[in-house]
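Single-structure report; data block below.
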Protein chains: 2
Amino acid sequence: MNKSDLKMISVLERTGGFASAQELHQILRREGDGIGLTTVYRALQSLVDDKIVDLLRRDDGEAIYRLCGDGHHHHLVCKGCGQTVEIEGGAIENWAKAKAEEFGFREVAHTAEIFGLCSKC
Amino acid sequence: MNKSDLKMISVLERTGGFASAQELHQILRREGDGIGLTTVYRALQSLVDDKIVDLLRRDDGEAIYRLCGDGHHHHLVCKGCGQTVEIEGGAIENWAKAKAEEFGFREVAHTAEIFGLCSKC
DNA sequence: TTGGAAATGATAATCATTTCCATTTTCATG
DNA sequence: CATGAAAATGGAAATGATTATCATTTCCAA
């Protein structure tokens, strides 16, 4: 956990929703921070490794990052403004477990995201 | 639906699981087909638009394609051999709908995939 | 047969992400 | 304070998937 990591956490806190590495870099630059793109990628990677931020993918494959609460959970993401809500899996956890068992799969993980327009957009 | 589209459907049928555009291109080349990478991308895009193939993303963001049955469904994907099983959403459909409603989201879509090791791997 | 539209594929362009590497910062220790 | 090694940094180049361009070829209806 070094200075750059903390800087990234700070931007992610301020932006709230998901943002790509390039966007986060631009925001910091706009604020007068001379941080390099390389360092942004490095810091984000390190935070993902430490499970402090979540990594997922936009439709076009670009990686987007978000500061993340503890534990396993899913997201409700607004296509308009990017704002996200963390939600508990609940039913989906059981669904994934049951299906995996049904087909004899082991060591399973799952992803589930809901996309839509929030009430403001 | 042109000749290239049909060719892509044919490879996808033979490979069974998910494959990237680059992999599909290599397979065709190996079989003596002189098809260009550009055409492979174009055909896949067109098939995705027509909802004949499914597009999802590997961990690294690379797009992978799979021939797909009708209607809305999810996948159980083997991390070992890439083999996939289409599964009905069931519980997850309701879960997504309920959560979206709870937070006032409209026009929602969702993704859900289960990854694991199949009985053979 | 033929004229134009659609399809094709090589090449170049784009764009996110990684790699390389030289420089700077940090910091414990003498 | 000096200093030297390790970690951090950032610019530039490399990489790799995907897309855009464009000249050429194939198709097909009239």
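Sequence lines set the chain letters: A, B, ... in the order given, protein chains first and strands last, and positions in each chain run from 1.
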Are any of the side-chain heavy atoms of B/Phe115 and A/Thr111 separated by less than 4.5 Å?
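Yes. Closest side-chain heavy atoms under 4.5 Å.
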
[X] has an atom [atom1]; how far is it from atom [atom2] of [N], in whole Å?
{"X": "B/Leu55", "N": "D/dA17", "atom1": "CG", "atom2": "C1'", "answer": "13 Å"}
{"X": "A/Met8", "N": "D/dG10", "atom1": "CE", "atom2": "C1'", "answer": "14 Å"}
{"X": "A/Asp60", "N": "D/dA20", "atom1": "CG", "atom2": "P", "answer": "12 Å"}
{"X": "B/Arg58", "N": "D/dG16", "atom1": "CZ", "atom2": "P", "answer": "14 Å"}
{"X": "B/Leu37", "N": "D/dG16", "atom1": "CG", "atom2": "C1'", "answer": "11 Å"}
{"X": "B/Asp59", "N": "D/dG16", "atom1": "CG", "atom2": "P", "answer": "18 Å"}
{"X": "A/His25", "N": "C/dT18", "atom1": "NE2", "atom2": "C1'", "answer": "15 Å"}
{"X": "B/Leu28", "N": "C/dT8", "atom1": "CG", "atom2": "C1'", "answer": "14 Å"}

Consider the side chain of [X], meaning its heavy atoms from C-beta on, and name the nucleotide among [options] that approaches it most closely.
{"X": "B/Arg29", "options": "D/dA8, C/dA10, D/dA17", "answer": "C/dA10"}
{"X": "A/Gln22", "options": "D/dA17, C/dT8, C/dA16", "answer": "C/dA16"}
{"X": "B/Asn2", "options": "D/dT9, C/dA16, C/dA7", "answer": "C/dA7"}

Under 6.0 Å between ring centres, would you say that holds for B/His110 and A/His74?
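No, they do not, as the ring centres are separated by 6.0 Å or more.
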
May I ask you to check whether A/His75 and A/Phe18 place their ring centres under 6.0 Å from each other?
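Yes, ring centres under 6.0 Å apart.
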
Neighbour count above 12 (heavy atom, 6.0 Å) for B/Asp59 CG
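Open.
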
Can you name the nearest heavy-atom pair linking A/Ala43 to A/Met8, along with the distance?
CB-CG, 3.5 Å

Residue pair A/Asp33 / A/Ile35: nearest heavy atoms and the distance that separates them:
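So the two residues come closest at OD1-N, 2.9 Å.
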
So, does A/Tyr41 get its side chain near the phosphate of C/dT17, meaning an N or O under 4.0 Å from OP1 or OP2?
yes

Short side-chain N/O contact to D/dT9 OP1/OP2 from A/Thr38, under 4.0 Å:
no

Can you spot which of A/Arg29, A/Glu31, A/His25 makes a side chain to side chain contact (heavy atoms under 4.5 Å, CB included) with A/Ile27?
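When A/Arg29, A/Glu31, A/His25 are each tested with A/Ile27, the side chain to side chain contact (heavy atoms under 4.5 Å, CB included) holds only for A/Glu31.
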
Give every pair of a protein N or O atom and an N or O atom of nucleotides 21-29 of chain C that lie under 3.5 Å apart, one pair per line with the distance.
unit_1 : atom_1 : unit_2 : atom_2 : d
C/dT26 : OP1    : A/Lys3 : NZ     : 3.0

Please work out if [X] contacts a base, only the sugar-phosphate, or nothing of the nucleic acid, heavy-atom cut-off 4.0 Å.
{"X": "B/Gly34", "answer": "sugar-phosphate"}
{"X": "A/Ile35", "answer": "sugar-phosphate"}
{"X": "A/Ser4", "answer": "sugar-phosphate"}

